[in-house]
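As structure tokens, the structure follows; a few thoughts come after it.
Residue numbers start at 1 and run along the sequence shown.
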Amino acid sequence: ISVLYIGLSPVMSRFTQVDIFHHERLTVWKAAFEGFLSFPVFGTGIGTFEYIFKMFSPPTWFFYDHAHNDYVQFLMETGIAGVCIGIIFVAVVLRYVIESEWTEREAFMKAAFYGSLTTIAVHSVFDFNLRIPSNAILLAVVLGLGLALSRLNETEEEEEG
């Protein structure tokens with residue numbers, strides 16, 4: 001929908017201007033992964049990326065306070081324990097939403113739910129969206145709405161039965 005609204009040319013020109021290899025993102029991701037390997041179980045602690053990253057980064061002119069990849073940064077900061085908790089949380093939410101039977105009227109809401117999650121999931125590969133409070137709050141609202149709508153039908157069925 002965004003491509004239809006703004007056109008394909010601005011999107012393509014943005015990607016040609018920003019070459020992931022010239023901006024050292026892959027180098028940053030590699031260094032962050034090395035940080036994870038040094039603290040694999042519990043990670044370095046949430047919010048410690050900018051401090052710990054200096055230990056693993058090659059000399060650079062740039063200061064990185066985020067990995068520009070939410071997944072890599074989350075892995076480094078929380079380790080395997082945090083990633084497992086995150087996966088369980090997302091799996092439980094998705095299980096409720098997927099298993100619920102939605103009416104035709106709610107199908108649009110379900111499509112919007114999946115579209116929102118897909119958008120943030122893909123964008124988080126290339127940026128630090130969830131480190132911005134408004135984006136994290138919006139994701140929480142979307143997850144809450146998805147859960148509420150999936151539970152709404154269960155409540156109506158219990159009242160009828």
Distance (rounded to the nearest 0.5 Å) between [X] [atom1] and [Y] [atom2]:
| X | Y | atom1 | atom2 | answer |
| --- | --- | --- | --- | --- |
| Leu149 | Met109 | CG | CE | 5.0 Å |
| Ile46 | Gln73 | CD1 | CD | 10.0 Å |
| Ser124 | His68 | OG | NE2 | 13.0 Å |

Within one Ile-Leu-Val-Met-Phe-Trp-Tyr cluster: Leu138 and Ile132, side-chain cutoff 4.5 Å: no
Is Phe113 reachable from Ile98 through a run of I, L, V, M, F, W or Y residues, each pair having side-chain heavy atoms under 4.5 Å apart? yes
With sequence neighbours left out, what residues match [X] under side-chain contact (heavy atoms from CB on, under 4.5 Å)?
| X | answer |
| --- | --- |
| Val90 | Leu94 |
| Phe74 | Thr78, Val83, Arg131 |
| Leu147 | Val93, Tyr96, Ser150 |
| Tyr51 | none |

Only one of Leu26, Asp127, Val125 clears side-chain contact (heavy atoms from CB on, under 4.5 Å) with Asn69; which? Val125
So Glu77 and Phe49, side chain to side chain contact (heavy atoms under 4.5 Å, CB included) or not? Walk me through it. CA-CA 7 Å; Glu77 291 182 346; Phe49 179 85; 3.1 Å; yes
Taking the side chain as every heavy atom from C-beta outward, state whether [X] and [Y] have any atom pair closer than 4.5 Å.
| X | Y | value |
| --- | --- | --- |
| Ile80 | Val41 | no |
| Leu117 | Leu143 | yes |
| Val97 | Tyr114 | yes |
| Ser38 | Phe56 | yes |
| Met76 | Ile52 | yes |

Out of Phe53, Phe128, Phe126, which residue meets the ring-ring contact (aromatic ring centres under 6.0 Å, His included) rule with His66? Phe128
How about CZ on Phe42, more than 12 heavy atoms from neighbouring residues, nucleotides or ligands closer than 6.0 Å, or not? no
Within a radius of less than 6.0 Å around NZ of Lys110, do more than 12 heavy atoms belonging to other residues, nucleotides or ligands occur? yes
Any idea which heavy atoms bring Ala136 and Leu130 closest together, and the distance? CB-O, 3.7 Å
Does Trp29 use its side chain to pair, donor to acceptor, with the backbone of Val72 at less than 3.5 Å? no
Using a 3.5 Å distance criterion without hydrogens, assess whether the side chain of Asn129 forms a donor-acceptor pair with backbone atoms of His123. yes
Tell me every residue that passes ring pair (Phe, Tyr, Trp, His ring centres under 6.0 Å) with Phe36, counting only those two or more places apart in sequence or in another chain. Phe33
Of all pairs that satisfy salt bridge (charged side-chain N to carboxylate O under 4.0 Å, His left out), the ones with a partner from residues 63-73, not counting sequence neighbours: none
